[in-house]
Amino acid sequence: MTTAAPPPPAPRAIPPANIPPAAARAGHSVQGDLLGLVRIPAAEVRRALRAGLDGALLDSFFPAADNPQRAGERVRLSRGPAYYRPRTTLPWAAALGAALARLDANATGQTPALRHALLDNLHNLTAAGTYALWHDLTDHPSTPGDARPAALERLLHVATTTAAARNGLTATGPLVPHTGDLTLLQTLKTGWRTFRELDNPAKITDELRFLAAHVLAPRPDITAVLAPLYGSLSLALAARTVLPALLGRPIDVHLVRLGFHDQAKVAYLGTDGTVRHHATAPRPYREQLAAAARGGATFLVVDDNVGYGSTMRAARTLVEQLGGRAVTRSVESAWSLYHRFGRHDIADAADLPSLRPNLHHSIQARLTGHLLRGDADAYLRDSAHHAPGTLPQQMAASFDVAVSTGTWSSGQLAAMRAELGHATAFWNEPPVPRPYASAA
């Protein structure tokens, strides 16, 4: 049996004035919705066409709809069917990159929503491709002369660059994968996913700024982040550049394919309860993680959400069996399960559970279903966009649930209070619809 690393002490915040200047740009300039989509005004589309962008590309990626908040106004959504079919969209990568370059050259600063949308789609292609290749190399290890390992390294670099650019940091590398890597990706039949659970730029930015100020700054002993894939991939890619910018110190980010809900067919656990490390990553990345943990490093495990805690417990087990220590964090938490099933104790799994209610997978599937069908109007009219109250109000209700269980430590409750204060002061995320009628 593994024992949980103690949670951080009552966290202290970094005052905004003390955030390093290099991090000043690490934020989101456009506000997204529940899935992270933004609405592109018709005026921006007209400016883009005058700047020389291809109208056919805009039609293919950014579906038009009536703005339900303003009668007679047409908008475009930053994501459409192409976004959720990354394998078939790979041939468009160069055109997306060229459109972004043309926009920056001919309409500088005039189309923030459309620029964000182009970056968002480029990031999605590279992130989805990175995971597909990670998945393939994990299940089918490389052989001498294999082109896949070098392609994965290049894809990770491009995906990190697009994540940095999407978060307002200066891009220091290519935004479009190499043509040969795109060709290789199109040969992969498995590992392609419709959507990442945590693929919301605003939520990722809010989360990373909270972690920097309230978890990592008070705990300089935490020198690495571990992110289970697939849901946390975009957060992990952004963390590679955003966290060092915010903290003013390096921090390693490691990836593992690990999950017990959507990856139930993978045998991650041995009969003795240990995690089969070979099932989580290609060999070079397993070796990097093992080397880091062997030195006794403390890892911050960040998962997209926690329901029953199986993934977090397994991630902690993996870190500890490799010789390290783990502090676990959920970006969202299924507080509704406390109402649905009565006693629901995950205090041993999530050292730092977010008070954010989770965006239930059934709601995500419904919303992405509208987009996959190309029905942008149905997407905008969906009742999920009209949840009552505010996110901080929902988080306050989550805190009341946590207190009522009596299972959380004083340190965990202090971290929750710090998160609630940070969210109230800085977050702009929309409220989350209730997955169950009985949920509070």
Side-chain angles (χ1 to χ4, degrees), residues 1-13 198 206-228 231-232 235-236 239 243 247 251-254 256 258-260 275 289 292-293 296-335 337-338 343-358 395 398-399 401-423:
M1 178 180 294
T2 59
T3 57
R12 60 178 176 83
L198 179 56
D206 287 342
E207 178 65 18
L208 292 177
R209 292 179 74 88
F210 167 74
L211 292 177
H214 292 275
V215 179
L216 296 170
R219 288 286 300 267
D221 60 305
I222 299 177
T223 57
V225 170
L226 178 66
S232 299
L235 180 139
L243 286 180
L247 292 167
I251 189 157
D252 293 329
V253 179
H254 298 265
V256 288
L258 188 63
F260 296 90
V275 176
L289 175 60
T298 300
F299 288 76
L300 176 64
V301 175
V302 185
D303 201 7
D304 58 340
N305 64 71
V306 59
Y308 299 98
S310 300
T311 300
M312 281 194 166
R313 292 186 185 95
R316 186 200 308 281
T317 296
L318 176 60
V319 169
E320 292 182 348
Q321 76 186 39
L322 293 175
R325 293 172 63 83
V327 175
T328 56
R329 161 72 176 176
S330 65
V331 180
E332 298 176 344
S333 305
W335 296 103
L337 291 177
Y338 284 89
R343 185 173 179 81
H344 176 72
D345 192 1
I346 54 169
D348 68 312
D351 297 326
L352 302 170
S354 177
L355 292 171
R356 283 186 190 91
N358 70 309
M395 294 172 67
S398 299
F399 182 76
V401 171
V403 171
S404 71
T405 66
T407 61
W408 301 94
S409 70
S410 59
Q412 288 171 312
L413 293 174
M416 292 182 202
R417 282 192 293 270
E419 183 200 37
L420 180 57
H422 194 273

Test your reading of the model: is there a side-chain donor-acceptor pair from [X] to the backbone of [Y], 3.5 Å cut-off?
X: T328; Y: A349; answer: yes
X: S232; Y: L235; answer: no
X: R356; Y: V331; answer: yes
X: S330; Y: D303; answer: no
X: S310; Y: F260; answer: no
X: Q321; Y: V275; answer: yes
X: R313; Y: Y308; answer: yes
X: E332; Y: V306; answer: no
X: Q412; Y: S409; answer: yes

First locate atom [atom1] of [X], then atom [atom2] of [Y], and finally report the distance between them rounded to the nearest 0.5 Å.
X: D348; Y: T407; atom1: CG; atom2: OG1; value: 9.0 Å
X: H214; Y: R219; atom1: NE2; atom2: CZ; value: 15.5 Å
X: L352; Y: M416; atom1: CG; atom2: CE; value: 8.5 Å

Q) Are the side chains of T298 and V327 in touch, meaning some heavy atoms are under 4.5 Å apart? A) yes
Q) For the residue pair W335 and W408, does the interplanar ring angle fall in the parallel (under 30°), tilted (30 to 60°) or perpendicular (over 60°) class? A) tilted
Q) Do D221 and R325 meet the salt-bridge criterion of a basic N to acidic O distance under 4.0 Å? A) no
Q | Atom of A212, atom of L247 and distance for their closest heavy-atom approach | A | O-CD2, 3.6 Å
